Amino acid sequence: MTITIDVALGDRGYPVHVGHGARELLGEVIPDGVKRVAVITQAGIPWTVDPGIEHDAIEVPDGEEAKTLANVEAICRQMATAGFTRADAIVGVGGGVVTDLAGFVAAVYHRGICFVSVSTTLLGQVDAAIGGKTGVNLPEGKNLVGAFWQPSAVICDTETLSTLPTPEYQSGMGEVAKYHFLGGGDLDTLELDERVAACVQIKADVVAADEREGDRRAILNYGHTLAHAIETAGEYELRHGEAVAVGIAYAAEVARRLDRIDDSRVAEHRRVLSAYDLPFRLPASLDAGELIDLFNRDKKAIDGVTFVLDGDAGVETVVGVERDVLADAMEAIR
Ligand code: NAD
């Protein structure tokens, strides 16, 4: 059975199909009139798709390093040589790396062509494939070049998760845990398909309310302020989803110190993270002061730090969180 969630963006709206074997729907979601499809994927992904019309496969390298402008050019040149036109489509089959890169190519090839995402990682299904953010990295930083380019449809085939390496699966669970606190409730009691669909629904609702990342969409960064600082500090003993998990536990401690939530809500954060076998303690090697210096480093944090925090009204952006609160909360997750 497939669960369908609509991303309500008016004439740019689209369905997200979630379920075991949902990739079989690909032929049905490719818009009428599309004559040919470029299927962009990676060699290591053991799943193929059938768009039901003429298609060429284009492989891109593995890993974050694949998200480059050089690869955008290489793919565009391959497509131009093969004669792809504005009336054709791109299907990205893979995790966030493939769908970010393939989606960006779709946004710029012939000034924008139809794009369909077939997401094959847990992180991709609950996060990266939904919402239309596409892009690549520069040596100066991640995701610095990109475009908002909504797909025509997204397919989250949960069967493909059966071959996902365990660490990748666990990393995706960090994002799943986040959705518990964005209105998802007890997602851990649901079967996988329902759980993925519930996460997609939350992301779809947030995106529909704030397509271009104004304030509302920032709540999707719950747990990410500390996670990004951990990643920037260069300590990769934690994977992204694990860093997000520690960041979620930390955000709860910060919110507790601001009296936004009580002890039982802090305990609920730890319970959820434990239910997914995720960490909630900061590795001993990380220096608290250095991490706090990295918060909001792109903005001038003269009047305290901006943080996404839980509270009576749900998760929201809070400005002006002071350093002594941040430092005290850091000790609580040691
Ligand atoms: P990934 O795309 O690198 O995939 C992880 C690994 O799993 C890769 O080696 C991939 O080849 C392999 N793989 C994928 N599917 C598989 C399967 N079914 N079976 C076996 N192996 C499989 O990593 P990811 O975690 O999916 O995505 C991370 C990327 O997503 C980052 O670049 C991040 O910036 C981006 N992202 C984007 C958004 C957005 O809104 N656009 C949101 C979050 C993250």
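Small disclaimer: the values here were computed from a predicted structure and weren't measured. As the structure lists them, so they are numbered: ligands from 1, and atoms in each ligand from 1.
Counting heavy atoms only, Thr121 comes closest to atom 4 (O) of ligand 1 of the residues Thr121, Ile45, Thr41.
Checking side-chain atoms of Tyr250 against main-chain N and O of Leu326 turns up a donor-acceptor pair under 3.5 Å. Side-chain atoms of Thr41 come within 3.5 Å of backbone N or O of Val93 as a donor-acceptor pair. Judged purely by atom type and a 3.5 angstrom limit, Arg86 uses its side chain to pair as donor or acceptor with the backbone of Gly112. At least one donor-acceptor pair under 3.5 Å links the side chain of Asn137 to the backbone N or O of Asn143. Remark: side-chain polar atoms of Thr134 are not paired, donor with acceptor, to backbone N or O of Gly146 under 3.5 angstrom.
Look at Arg23 and Asp157 and you find a salt bridge, because one of the NZ, NE, NH1 or NH2 atoms lies within 4.0 Å of a carboxylate O, short of that distance. Looking at Glu268 and Arg265, no side-chain N of the basic residue comes within less than 4.0 Å of a carboxylate O on the acidic one, giving no salt bridge.
The side chain of Lys67, and not its backbone, has at least one atom closer than 4.0 Å to an atom of ligand 1 (non-hydrogen atoms only; side chain from C-beta on). Contact annotation for Thr163 and ligand 1: heavy atoms of both the backbone and the side chain come within less than 4.0 Å of the ligand. Contacts with ligand 1 closer than 4.0 Å are made by side-chain heavy atoms of Asn143 only, the backbone lying farther away. Contacts between Glu168 and ligand 1, counted as non-hydrogen atom pairs separated by less than 4.0 Å, involve the side chain only. Counting heavy atoms closer than 4.0 Å to ligand 1, residue Asp62 contributes side-chain atoms (C-beta onward) but none from N, CA, C or O. At a heavy-atom distance under 4.0 Å, atoms from both the backbone and the side chain of Leu164 approach ligand 1.
In terms of protein heavy-atom proximity, atom 30 (O) of ligand 1 is closest to Gly96 CA, 3.3 Å. Counting only heavy atoms of the protein, atom 15 (N) of ligand 1 lies nearest to Thr120 OG1, 2.8 Å. The single protein non-hydrogen atom nearest to atom 32 (O) of ligand 1 is Glu64 OE1, 2.7 Å, given as residue, atom name and distance. In terms of protein heavy-atom proximity, atom 10 (C) of ligand 1 is nearest to Gln42 OE1, 3.3 Å. Of the protein's non-hydrogen atoms, Leu123 CD2, 3.7 Å is the one closest to atom 44 (C) of ligand 1. Nearest non-hydrogen protein atom to atom 42 (C) of ligand 1 is Ala128 CA, 3.5 Å.
Taking 4.5 Å as the limit, every side-chain heavy atom of Gln125 sits out of range of all side-chain heavy atoms of Val18. Using a 4.5 Å heavy-atom cutoff, the side chains of Leu309 and Val321 are in contact. Residues Met79 and Val105 form a side-chain contact, since some pair of their non-hydrogen atoms from C-beta on lies under 4.5 Å apart. Using a 4.5 Å heavy-atom cutoff, the side chains of Leu122 and Val126 are in contact.
In this structure, Lys203 is part of the shell of residues with a heavy atom less than 4.0 angstrom from ligand 1. Using a 4.0 angstrom heavy-atom cutoff, His240 does not count as in contact with ligand 1.
With ligand atoms numbered from 1 in the order given, ligand 1 contributes 18 (N) to contacts under 4.0 Å with heavy atoms of Trp47. Of all atoms in ligand 1, numbered sequentially from 1 with element shown, those under 4.0 Å from a heavy atom of Asp100 are 34 (O), 35 (C), 36 (N), 37 (C), 39 (C), 41 (N). In summary, the atoms of ligand 1 found under 4.0 Å from a heavy atom of Pro46, numbered by their order in the structure, are 19 (N), 20 (C). Within ligand 1, the atoms closer than 4.0 Å to a non-hydrogen atom of Thr160 are 17 (C), 18 (N), numbered from 1 in the order shown. Ligand-side atoms of ligand 1 in range of Pro165: 20 (C), 21 (N), range being under 4.0 angstrom from any heavy atom. The distance from ligand 1 to the heavy atoms of Val97 drops below 4.0 Å at these ligand atoms: 1 (P), 2 (O), 3 (O), 27 (O), 29 (C), 32 (O). Ligand-side atoms of ligand 1 in range of Asp127: 42 (C), 43 (C), range being under 4.0 angstrom from any heavy atom.
Side-chain contact of His224 with Glu231: a donor-acceptor pair under 3.5 Å is absent, judged by distance alone. Side chain to side chain, Asp277 and Gln170 fail the donor-acceptor criterion of an N or O pair below 3.5 Å. No side-chain N or O of His20 forms a donor-acceptor pair with one of Thr158 less than 3.5 Å apart.
Considering backbone and side-chain N/O atoms, Ile130 never comes within less than 3.5 Å of an N/O atom of ligand 1.
In this structure, atom 12 (C) of ligand 1 is not in close contact with the protein, since no protein heavy atom lies within 4.0 Å of it.
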